[in-house]
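Structure record follows, encoded as structure tokens.
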Amino acid sequence: MRIATWNVNSIRARVERLVPWLAEARPEIVLLQETKCLDEQFPREPIEELGYQIAQVGQKSYNGVAILARDRIEDVRVGLGDERFERESRVLSAQVGEWLVASVYAINGQAVGHERYHDKLAWFAALRAHLAERFPLSEKVVVGGDLNVTRDDLDVHDPRLWHERILCSTPEREALRSLFELGLEDALRRFHPAGGVYTWWDHYTRAFERGNKGLRIDYLLLSPPALASCTAVEVDLAARRGLKPSDHAPVVATIG
DNA sequence: ATGGTGGCGAGGCCA
């Protein structure tokens, strides 16, 4: 089976890319971020017609996360259980068959030192506590999403340009590493240890079109039992090409 | 190229 994560940057704007992608890739579980719509605006029908169940939580204009699955989606939980962060729709977790999954959209942080940067670091601490509580590592766990941080300079096309900037600062990377220390493994890096595999390219600077000037900020974090049956993790660059792409590409793990 | 895009929603915020 396959489990994917994709920041679609508005599901209403991306449904014409998402639906053909689902029909072609046919992942069993899909974790979406930045759906950017209220519940009643979510384009359920074309996704359900492909055989997917949908769990999602959204808000007007910003954020929003979803889980799509061909199996029943059960035990759905919204948020981190931390009242400081419940105003924004950034975390959705559920059980799908034997899998415990979460779709996660980290705070961007705007700039190092910005008020939102400090929010981001506090949010990561809350995420870590939530994962420690809700995701026993003896289970098959997949935490996927846009974590808005590079692991190290192997995730950066131009480390000198990005040195200690937002998405690349040492405190953000330490916050990310605290998730690994729970026992969750960065599956994309496991299968691409040399790095240079990116998942996001800035629209503003036309970073994809100018030649793969990307960052890797999207993750599939796997527990040991999930990793043991994982045979490949790839970034689907075809989804980043063509008409009206998201600024992120999907990350797809083949498991079992 | 110190410029430039994209989404939402209707002017500015966010990424």
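Residue numbering restarts at 1 for every chain, and letters A, B, ... go by the order of the sequence lines. Side chains included, hydrogens not; waters and symmetry mates left out as well; all remaining heavy atoms used.
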Value in whole Å for how far the [atom2] atom of [N] lies from [atom1] of [X]:
{"X": "A:I11", "N": "B:dC8", "atom1": "CD1", "atom2": "C1'", "result": "15 Å"}
{"X": "A:N9", "N": "B:dC8", "atom1": "CG", "atom2": "P", "result": "8 Å"}
{"X": "A:L161", "N": "B:dG3", "atom1": "CG", "atom2": "C1'", "result": "14 Å"}
{"X": "A:K213", "N": "B:dG4", "atom1": "NZ", "atom2": "C1'", "result": "15 Å"}

Looking at every heavy atom in both [X] and [Y], which two are closest together, and how far apart are they?
{"X": "A:S89", "Y": "A:N63", "result": "O-CB, 3.3 Å"}
{"X": "A:V141", "Y": "A:P136", "result": "CG2-O, 3.5 Å"}
{"X": "A:R128", "Y": "A:S178", "result": "NE-O, 3.1 Å"}

- [ ] Just call it for A:R14: base, sugar-phosphate, or nothing, with non-hydrogen atoms closer than 4.0 Å on any strand.
- [x] sugar-phosphate

- [ ] Would you please say whether a donor-acceptor pair under 3.5 Å links the side chains of A:K36 and A:N9?
- [x] yes

Task: Short side-chain donor-acceptor distance under 3.5 Å, A:R216 and A:T150 - done: no

Can you figure out which of [options] approaches the side chain of [X] most closely?
{"X": "A:S61", "options": "B:dG9, B:dG6, B:dG7", "answer": "B:dG9"}
{"X": "A:T205", "options": "B:dG4, B:dT5, B:dC8", "answer": "B:dG4"}
{"X": "A:Q41", "options": "B:dG9, B:dG7, B:dG6", "answer": "B:dG9"}

Considering only atom [atom1], compute the distance from [N] to [M] and round it to an integer number of Å.
{"N": "B:dG3", "M": "B:dG7", "atom1": "P", "result": "24 Å"}
{"N": "B:dT5", "M": "B:dA1", "atom1": "C1'", "result": "15 Å"}
{"N": "B:dA15", "M": "B:dG9", "atom1": "P", "result": "15 Å"}

Open item on the list: Can you tell me if A:R210 touches the phosphate of B:dG3, counting only side-chain N or O atoms and a distance under 4.0 Å to OP1 or OP2?
Closed with: no

Open item on the list: Does A:L147 form a side chain to side chain contact (heavy atoms under 4.5 Å, CB included) with A:L221? I'd like the steps, not just the answer.
Closed with: CA-CA 11 Å; A:L147 296 181; A:L221 305 179; 4.2 Å; yes

TODO: List the steps and the verdict of side chain to side chain contact (heavy atoms under 4.5 Å, CB included) for A:H248 and A:Q33.
DONE: CA-CA 10 Å; A:H248 296 253; A:Q33 300 85 40; over 6 Å; no

Measure all distances between protein nitrogen or oxygen atoms and nitrogen or oxygen atoms of nucleotides 10-15 of chain B, and list the pairs falling under 3.5 Å.
from	atom 1	to	atom 2	distance (Å)
B:dC13	O2	A:Y62	OH	3.2

